[in-house]
Amino acid sequence: MNQKHLLACHERILPYIHRTPVLTSRWINERAGTEVFFKCENFQRGGAYKARGATNAVLQLTDTQKKNGVVTHSSGNFAQALSIAAKNVGAKAFIVMPLTAPKVKKDAVKAYGGNIIECEPTLKAREAMAEKIVREKEATFIHPSNDEQVIMGQGTACMELLEERPGLSAILIPVGGGGLAAGTSLAAYFFGTHCEVWGAEPFSVDDAYRSFKSGKIESNASTETIADGLRTQLGDRSFPIMKKYMKGIIRVEEAEIVETMRFVWERMKIIIEPSSAVALAAVFREKDKFRNKHIGVIISGGNVDLNNLPL
């Protein structure tokens with residue numbers, strides 16, 4: 001994957017996605033001790049950046065693949081994204097979702113035409129059910145993060161941010177499966193100028209942090225975090241890119257995630273989900289690392305179950 005591939009990807013998906021705004025907040029700048037520019041993918045189609053990667057992957061399917069449909073497993077945001085992308089090309093989308101996925105995300109998947117198949121909330125159960133559907137329906141499996149076409153699509157959010165704010169010295173993103181992290185790292189390398197990329201994740205699911213330390217993909221023993229979009233594991237395609245191009249991973253506590261989410265809602269007047277709050281929480285936690293710099297934060301999504309708020 002190189003600069004040419006990323007540019008072609010961006011051109012391919014532009015008719016199907018929103019070019020989301022870049023916002024700032026004086027309150028947040030003062031608290032962080034630096035100037036922060038938010039790429040607001042909570043305003044993206046489906047409420048999250050994942051529309052970018054799903055669209056890029058689906059647009060490159062053959063006619064036969066489109067006829068048989070696509071399948072993925074997701075806690076919600078990629079589920080919505082793939083449902084939208086499949087609908088754009090007239091294909092069926094089979095979405096494996098954990099029983100514990102937020103109701104707001106399940107409702108959205110149905111509204112976008114996705115066919116939901118529920119399973120137990122473990123990675124093993126999700127993968128087994130997806131494989132079963134591939135066999136039975138001959139559908140094409142598209143991984144939510146560990147797929148080169150998805151990774152390139154996710155990187156276009158960073159491309160747009162750097163086009164609007166070319167002097168950024170660092171960009172922070174939440175890390176779950178690594179698709180956004182890998183794509184952002186590539187985009188920052190090819191289109192930024194000495195622009196570092198930092199990942200952020202909860203202490204309770206810190207597999208990316210431990211993977212950077214050990215040099216191999218680590219797993220989580222628990223999925224107990226409010227940031228439901230970050231409960232997944234790094235992949236063998238996303239992790240090598242992250243390891244090569246990312247600066248590091250910052251961990252945050254659950255209380256920091258909730259407090260940061262509240263702060264953004266109150267001060268910026270926009271809805272972000274817990275997973276999105278993790279990146280800004282990392283900025284607040286590591287003020288000295290980013291002080292007096294110009295940094296970007298990708299707000300990954302805004303899909304929140306209003307009947308089950310942590311605030």
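Computed from a predicted structure; not experimentally measured. Positions are given from 1, in the same order as the sequence printed here.
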Student: Not counting sequence neighbours, which residues clear salt bridge (charged side-chain N to carboxylate O under 4.0 Å, His left out) with E136? List them please.
Tutor: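 K132.
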Student: Name all pairs fulfilling the salt bridge (charged side-chain N to carboxylate O under 4.0 Å, His left out) condition that reach into residues 235-244, sequence neighbours left out, sorted by first residue then second.
Tutor: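 For residues 235-244: none.
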Student: List the steps, then state whether side-chain contact (heavy atoms from CB on, under 4.5 Å) holds for K137 with N68.
Tutor: CA-CA 7 Å; K137 305 290 185 180; N68 292 336; over 6 Å; no
Student: Under 4.5 Å between side-chain heavy atoms, hopping through other hydrophobics if needed: is there a path connecting I84 to Y49?
Tutor: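 No, I84 and Y49 fall in different hydrophobic clusters.
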Student: Take atom CZ in F191; do more than 12 heavy atoms of anything else shown fall under 6.0 Å from it?
Tutor: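 Correct, the count exceeds 12.
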Student: Sequence neighbours left out, what passes salt bridge (charged side-chain N to carboxylate O under 4.0 Å, His left out) with E273? Give chain and number order.
Tutor: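 Result, salt bridge (charged side-chain N to carboxylate O under 4.0 Å, His left out) vs E273: K105.
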Student: Are V304 and W265 close enough, and set up right, to give a side-chain contact (heavy atoms from CB on, under 4.5 Å), and what steps lead you there?
Tutor: CA-CA 12 Å; V304 179; W265 282 42; 4.1 Å; yes
Student: Before giving the answer on side chain to side chain donor-acceptor pair (under 3.5 Å), spell out for S25 and R267 the whole-Å C-alpha distance, their side-chain angles and the decisive distance to 0.1 Å.
Tutor: CA-CA 7 Å; S25 166; R267 302 299 183 179; over 6 Å; no
Student: For K66, which residues count as a salt bridge (charged side-chain N to carboxylate O under 4.0 Å, His left out) partner, sequence neighbours excluded?
Tutor: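 Applying salt bridge (charged side-chain N to carboxylate O under 4.0 Å, His left out) to K66 gives none.
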Student: Might you confirm whether atom CD of E253 has over 12 heavy atoms from other residues, nucleotides or ligands at distances under 6.0 Å?
Tutor: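 Yes.
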Student: Among residues two or more places apart or on two chains, list those pairs meeting ring-ring contact (aromatic ring centres under 6.0 Å, His included) that have a residue in residues 63-117.
Tutor: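 Of all non-adjacent pairs touching residues 63-117, those that pass ring-ring contact (aromatic ring centres under 6.0 Å, His included) are H73-F141, H73-H143.
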Student: What residues, two or more places apart in sequence or in another chain, satisfy side-chain hydrogen bond (donor to acceptor under 3.5 Å, both in side chains) together with E11?
Tutor: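 Listed in chain order: nothing, the list is empty.
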Student: Let's go through L168 and L161 carefully: what are the C-alpha distance in whole Å and the side-chain angles of both, what is the deciding distance for side-chain contact (heavy atoms from CB on, under 4.5 Å) to 0.1 Å, and is it a yes or a no?
Tutor: CA-CA 9 Å; L168 297 179; L161 175 58; 3.8 Å; yes
Student: List the residues meeting side-chain hydrogen bond (donor to acceptor under 3.5 Å, both in side chains) with T55, not counting sequence neighbours, and say none if there are none.
Tutor: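 For T55 there are no side-chain hydrogen bond (donor to acceptor under 3.5 Å, both in side chains) partners, ignoring immediate neighbours.
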Student: Do NZ/NE/NH1/NH2 and the carboxylate oxygens of E41 and R52 come within less than 4.0 Å?
Tutor: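 Judged by the 4.0 Å cut-off on N to carboxylate O distance, E41 and R52 do form a salt bridge.
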Student: Is E201 reaching over with its side chain to a backbone N or O of A208, donor-acceptor style, under 3.5 angstrom?
Tutor: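 Yes; judged by distance alone, with no hydrogens or angles, the pair exists.
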Student: Sequence neighbours left out, what passes salt bridge (charged side-chain N to carboxylate O under 4.0 Å, His left out) with E259? Give chain and number order.
Tutor: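 Per chain and number, E259 pairs via salt bridge (charged side-chain N to carboxylate O under 4.0 Å, His left out) with R31.
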Student: Go through E254 and S204 one step at a time and tell me if the side chain to side chain donor-acceptor pair (under 3.5 Å) criterion holds.
Tutor: CA-CA 8 Å; E254 295 296 302; S204 55; 3.2 Å; yes
Student: Hydrophobic cluster membership, with links at side-chain heavy-atom distances under 4.5 Å among I/L/V/M/F/W/Y: are L59 and I151 in one?
Tutor: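 Different clusters: L59 never reaches I151 through Ile, Leu, Val, Met, Phe, Trp or Tyr contacts under 4.5 Å.
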Student: Determine, stepwise, if the pair V96 / I133 fulfils side-chain contact (heavy atoms from CB on, under 4.5 Å).
Tutor: CA-CA 9 Å; V96 178; I133 295 168; 3.7 Å; yes
Student: Any link between V278 and L280 through a network of hydrophobic side chains (Ile, Leu, Val, Met, Phe, Trp, Tyr) touching at under 4.5 Å?
Tutor: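 Yes, V278 and L280 fall within the same hydrophobic cluster.
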Student: Going by atom types only, do Q149 and N56 share a side-chain donor-acceptor pair under 3.5 Å?
Tutor: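 A pair is found: one side chain offers a donor N or O, the other an acceptor, under 3.5 Å apart.
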Student: Once side-chain hydrogen bond (donor to acceptor under 3.5 Å, both in side chains) is applied, do any residues pair with Q154, and if so which ones, sequence neighbours excluded?
Tutor: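 In terms of side-chain hydrogen bond (donor to acceptor under 3.5 Å, both in side chains), with neighbours along the sequence ignored, Q154 is linked to no residue.
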Student: When you compare the side chain of I270 with that of C40, does any pair of heavy atoms fall below 4.5 Å?
Tutor: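 When only atoms from C-beta onward are counted, I270 and C40 do touch, with a gap below 4.5 Å.
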Student: For residues 162-172, which residue pairs qualify under salt bridge (charged side-chain N to carboxylate O under 4.0 Å, His left out), counting only residues two or more places apart or in two chains?
Tutor: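 Sorted pair list: R19-E163.
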Student: Can you list every side chain to side chain donor-acceptor pair (under 3.5 Å) pair that touches residues 275-291, not counting sequence neighbours?
Tutor: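 Output for this query lists E256-R285, S276-S300, D288-R291.
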Student: Are the side chain of S185 and the backbone N or O of Y245 linked by a donor-acceptor pair below 3.5 Å?
Tutor: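 Such a contact is absent between S185 side chain and Y245 backbone.
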Student: Could you tell me whether a side-chain N or O of N146 sits under 3.5 Å from a main-chain N or O of S238, the two making a donor and an acceptor?
Tutor: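 A pair under 3.5 Å: yes.
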Student: Going by atom type alone, with no hydrogens or angles, which donor-acceptor pairs under 3.5 Å involve a side-chain atom of residues 192-199 and a protein atom two or more places apart or on another chain?
Tutor:
{"residue": "E196", "atom": "OE1", "partner": "W198", "partner atom": "NE1", "Å": "3.0"}

